[in-house]
Amino acid sequence: VRANFLKKQEVNMKYRYFLLLFALSPVLFSCVTPPPPRSYSVQVHTVDNLQINLCNFKVFEKNYNLESEGFSARWRQSLKLVRLPFDDIASARKIGKFVTRVKFRNGTEDDFTEFFIDKYNLMGWSEHGPVEINATLVRGIVFVDEDGQPVEGRDSSFIPPIIPLP
């Protein structure tokens with residue numbers, strides 16, 4: 001009888017450790033820090049033909065007051081609100097007053113409105129410190145790799161100047 005009693009206590013002890021582990025698991029998972037947001041490097045081309053090299057690039061959506069790795073842009077044809085992740089974008093250039101042509105890293109292109117307009121601010125760090133640029137002053141952005149080279153190659157990421165060079 002005593003042997004059976006000891007056997008049952010051993011089994012109960014095993015389950016007690018599982019209960020303790022189960023109770024502590026939310027605490028352990030809450031201590032895990034999320035991965036840091038990915039840092040992007042871009043060349044920002046302004047309407048007055050300046051080129052600003054930024055790292056830690058983000059788009060600041062003023063209407064929702066948030067920073068994100070992707071941002072909302074609106075399709076030109078169907079006016080469907082979509083999310084554009086930075087990982088998929090190679091370059092974006094203004095081709096009309098409200099139209100921006102986005103070139104994706106897989107080689108496809110599409111036209112968007114509400115990309116370079118007032119409700120978005122482009123933010124990042126240059127060699128001079130933090131930079132915040134109103135999106136209406138931007139004619140294009142080119143995502144670059146760690147060496148500062150455009151991710152789609154130099155020719156395919158050319159942003160033509162709006163003001164002719166002297």
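As the structure is a computational prediction, the values presented were derived from the model and not from experiment.
One finds the CE atom of Met123 at 9.0 Å from the CG atom of Asn56 (value rounded to the nearest 0.5 Å). Note: Thr46 OG1 to Asn134 CG = 12.0 Å, rounded to the nearest 0.5 Å. To the nearest 0.5 Å, atoms NZ (Lys58) and CG (Leu122) are separated by 13.0 Å.
Residues Phe115 and Ile117 share a single hydrophobic cluster, defined by chaining ILVMFWY side chains whose heavy atoms lie under 4.5 Å apart. Placement of Leu54 and Val144 in two distinct hydrophobic clusters is found when ILVMFWY residues are connected by side-chain heavy-atom separations under 4.5 Å, directly or transitively. Hydrophobic clustering (side-chain heavy atoms under 4.5 Å, transitive across Ile, Leu, Val, Met, Phe, Trp, Tyr) keeps Ile52 apart from Trp125. Note on Phe143: it clusters hydrophobically with Phe104, by side-chain heavy-atom contacts below 4.5 Å among ILVMFWY residues. When hydrophobic clusters are built by joining Ile, Leu, Val, Met, Phe, Trp and Tyr residues whose side-chain heavy atoms come closer than 4.5 Å, directly or via intermediates, Phe112 is not grouped with Ile159.
Between Ser91 and Arg101, every side-chain heavy-atom pair lies at or beyond the 4.5 Å cut-off. Taking the side chain as every heavy atom from C-beta outward, Ile141 and Gln43 never approach each other to under 4.5 Å. Residues Glu152 and Lys103 form a side-chain contact, since some pair of their non-hydrogen atoms from C-beta on lies under 4.5 Å apart. The closest side-chain heavy-atom distance from Thr113 to Thr100 is not below 4.5 Å. In this structure the side chain of Val142 reaches within 4.5 angstrom of the side chain of His45, judged on heavy atoms.
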Residues Ile89, Val102; criterion side chain to side chain contact (heavy atoms under 4.5 Å, CB included); working and verdict: CA-CA 7 Å; Ile89 301 175; Val102 176; 4.0 Å; yes
Worked verdict on Phe98 versus Phe116 for side chain to side chain contact (heavy atoms under 4.5 Å, CB included): CA-CA 7 Å; Phe98 299 110; Phe116 292 133; over 6 Å; no
Side chain to side chain contact (heavy atoms under 4.5 Å, CB included) evaluation trace for Val99 with Lys97: CA-CA 6 Å; Val99 180; Lys97 187 171 183 179; over 6 Å; no
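Enclosure of atom CD in Glu132 by more than 12 non-hydrogen atoms of other residues, nucleotides or ligands within 6.0 angstrom is indicated.
Here the shortest heavy-atom pairing between Gly70 and Arg83 reads O-NH2, 3.1 Å. Across Cys55 and Ser39, no two heavy atoms sit closer than the pair C-OG, 4.4 Å. Nearest heavy atom pair, residue Arg93 against residue Pro160, reads CD-CD, 4.0 Å.
Classification of the Phe86-Tyr40 ring pair by plane angle, with boundaries at 30° and 60°, yields perpendicular. Between Tyr120 and Phe71, the ring planes are perpendicular. Angles over 60° get that label, and only those under 30° would be called parallel.
Salt bridge status for Glu61 with Lys119: absent, with no side-chain N to carboxylate O gap under 4.0 Å. For Asp88 and Arg105, the salt-bridge test fails: no basic side-chain N is under 4.0 Å from an acidic carboxylate O.
Asp147 contributes no side-chain N or O that, together with a main-chain N or O of Gln149, makes up a donor-acceptor pair within less than 3.5 Å.
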